[in-house]
Amino acid sequence: MNNDLTSFVHWFRAAAPYINAFRGKTFVIAFGGEVVSDGQFVGLAHDINLLSSLGVRLVLVHGARPQVDVQLKERGAKIRYAHGLRITDELALASVKEAVGIVRVEIEALLSLGQANTPMAGSDIRVAAGNFVTAKPIGVLDGEDLQHTGEVRKIHAEAIQKRLDDGEIVLLSPIGYSPTGEIFNLTLEDVAAHTAATLAADKLIFLMETDGITDAKRKIISTLTVSDAQKLLGKKHKLEDDVSYYLPAAIDACRKGAKRAHLISRHRDGALLAELFTREGVGTLVTPTPLETIRQATIDDVGGILNLIEPLEQQGILVRRSRERLEMEIGQFLVLESDGIVVGCVALYPFPEEKAAEMACLAVHPDYQRRGLGDRLLEAAQALAKKKHMQKLFVLTTRAEHWFEERGFIETAPEALPKRKQVLYNYQRRSKVFRKSL
Ligand code: ARG
């Protein structure tokens, strides 16, 4: 096979777990009116169609800022903002109604485009609209009456779910209605965050101007916990406009029930698919709890652990363990899981008669190294040993002596090992023995 085909096959296989995992899940995808005015929605429509055909329940939330500005200009009206929010007077409201109508119709048209020879061929997407959003006025901010600018009061989740159950895509606009029949101009991030939270959506995805959230060195931050994201907002350094709208919304949604939020670029073609169907993604993922957790291994982890340690066994870094042995000893293992995949492990063999334990098979997948995960596994193993009233920890290593030395281990002779272990000590392998008091 040529390289392209090999990488395609590799890619497709790597995507399989996500294809499986996403079936029947609910994603809220939010994007500004720029996506439509810049002609990018055609490409996005193809990807949305693909997601829908994989059984993802989709809610789209669109904005209409540039379109509203056009309408205001045509009416010769001034564009007025306060606290980052549009002041929606009567004239602005008329502009909002018109602009939202135009954007909606365009989105619906593009989602209906079932042309042959395109990814849309044979697609039959129904787009559902409705008064799913109840709003209330924001009122007066610092002496400025925002008039028809409002905020979400309630999302009619059941009505949306029914549409999704019927296989429709729900399209929400940034407007809401009050029980007294008034219309309010809302921000798309407010609608998107409330919707994702109320539906307990599996994902809230924002398409932004930038590639994701960047750190002080302008490098993309791949994953952030909600609390780290909150800290980032608290820092003084200036965030891009988009980030300052979308990150708080992402945090809010995750706190109130959305499972995770993604912030990705609207400019990179295919960013949505790359984010969703690869492990590393391309933007920033915000999760309520850390993606990486350490827990006791179960028999279901045997396959994952084997995948992880086999390459290391081949390189002679770890001692070979058969599947049978691993199955028998699985109770001795802790695994480090990242997003449901086993990416690290460590085993702890206790020798209670000598109040000592051997730590073995410490491994972290190459893609996950240099992030302090080895330290976390070591700490977890140490904590477990202490809990079991062990006073010292042994480790045998051929290749990682410095790593252990830097962490307080001291080299010792094989004769210092617990008796039962000494018998098994492999003099040919000539591992170095290290110990640490707990
Ligand atoms: N594809 C996975 C998902 O959709 C992981 C994405 C990881 N993205 C990231 N920016 N770290 O959940």
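By convention here, the first residue in the shown sequence is residue 1. Counting starts at 1 for both ligands and their atoms, following the listed order.
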Query raised in the report: Is it true that F409 and F434 have ring centroids separated by less than 6.0 Å?
Result: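 Centroid distance F409-F434: not below 6.0 Å, so no.
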
At what distance is the nearest protein heavy atom to [atom], and which residue and atom is it?
{"atom": "atom 9 (C) of ligand 1", "answer": "E280 O, 3.2 Å"}
{"atom": "atom 11 (N) of ligand 1", "answer": "S222 OG, 2.8 Å"}
{"atom": "atom 4 (O) of ligand 1", "answer": "K203 NZ, 2.9 Å"}
{"atom": "atom 7 (C) of ligand 1", "answer": "R279 O, 3.4 Å"}

Query raised in the report: Within the structure, does L276 bring an N/O atom to less than 3.5 angstrom of an N/O atom in ligand 1?
Result: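 Yes, since at least one N or O of L276 sits under 3.5 Å from an N or O of ligand 1.
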
Requested in this report: Examine E275 against ligand 1 and note whether any of their N/O atoms are separated by less than 3.5 Å.
Outcome: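 Between E275 and ligand 1 (N or O atoms, distance only) the closest approach is under 3.5 Å.
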
Report task. Assign the ring pair Y18 / F22 to parallel, tilted or perpendicular, where the plane angle (0 to 90°) is split at 30° and 60°. Result ->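 Tilted, since the angle between the ring planes falls between 30° and 60°.
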
Report, in ascending order of atom number, the atoms of ligand 1 lying under 4.0 Å from any heavy atom of [X].
{"X": "T223", "result": "11 (N)"}
{"X": "L285", "result": "7 (C), 8 (N), 9 (C), 10 (N), 11 (N)"}
{"X": "G283", "result": "10 (N)"}

Query raised in the report: Hey, does the Lys NZ or Arg CZ of R13 hover above the aromatic six-ring of W11, less than 6.0 Å from the centre and inside 45° of the axis?
Result: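 No - R13 does not lie over the ring of W11 by the 6.0 Å and 45° rule.
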
Strictly below 4.0 Å, N to O, side chains only: are [X] and [Y] in salt-bridge contact?
{"X": "D166", "Y": "R126", "value": "no"}
{"X": "R65", "Y": "E34", "value": "no"}
{"X": "D215", "Y": "K235", "value": "no"}
{"X": "E411", "Y": "R435", "value": "no"}

Query raised in the report: Is F22 touching ligand 1 with its side chain, its backbone, both, or neither, if touching means heavy atoms under 4.0 Å apart?
Result: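 For F22, the contact with ligand 1 is made by the side chain alone.
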
